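In what follows, a structure is listed as structure tokens, so that the remarks can point back to it.
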Amino acid sequence: MASLGEMKDIAEPRRTALTVCLLAQVQAAVRDETVVMLSKRMSRHLKRAQEELLEIEKLQKETTEQLLATLRDVLTALRGSGEAAPAARGRGRRRWMTCWR
């Protein structure tokens, strides 16, 4: 790279060409740095999103396990209540099923 004094000694067309080349190199370097910066930022966002997703999956699993345990308790309680009136229990089940349609 030439100093300012040396640039004055160079003819105008060549000086303009050297200036344009320098500008192109600087633009390329800035683009490269911008891409690296964006890549690092996206990597951080991806890592945070993956951690958040794992936390959500963990909470969903816990909720599902609690619901299954509650269902198991309800079924055990129903089974333990006896077989006294299976027909009445069937009518109640049908009535309960229709409310979810």
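Counting from 1, the numbers follow the sequence of the chain as shown. Please read these numbers as outputs of a predicted model, since none were measured by experiment.
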Share the residues that join [X] in a hydrophobic cluster, the rule being Ile, Leu, Val, Met, Phe, Trp or Tyr side chains under 4.5 Å apart at the heavy-atom level.
{"X": "L38", "result": "M42"}
{"X": "I56", "result": "none"}
{"X": "L67", "result": "none"}

Per-pair distances, 0.1 Å, donor-acceptor, side chain in residues 69-76, under 3.5 Å, sequence neighbours excluded:
from	atom 1	to	atom 2	distance (Å)
T70	OG1	Q66	O	2.9
T76	OG1	R72	O	2.7

With [X] via side-chain contact (heavy atoms from CB on, under 4.5 Å) - residues at least two apart:
{"X": "E55", "value": "K58, L59"}
{"X": "V30", "value": "V26, T34"}
{"X": "Q50", "value": "L46"}

* Asked: Can any side-chain N or O of T19 pair as donor or acceptor with the backbone N or O of R15 at less than 3.5 Å?
  ->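 Checking the backbone N and O of R15 against the side chain of T19, a donor-acceptor pair under 3.5 Å is found.
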* Asked: CG of L53 to CD of Q60: how many Å apart, nearest 0.5 Å?
  ->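 Between atom CG of L53 and atom CD of Q60 there are 10.5 Å.
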* **Partners passing side-chain hydrogen bond (donor to acceptor under 3.5 Å, both in side chains) against T16 (at least two apart in sequence or in another chain)** =>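 Only E12 meet the side-chain hydrogen bond (donor to acceptor under 3.5 Å, both in side chains) criterion with T16.
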* Asked: Got a sec, which pairs hit salt bridge (charged side-chain N to carboxylate O under 4.0 Å, His left out) with one end in residues 22-46, sequence neighbours left out?
  ->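 Counting only pairs at least two positions apart or across chains, no salt bridge (charged side-chain N to carboxylate O under 4.0 Å, His left out) contact touches residues 22-46.
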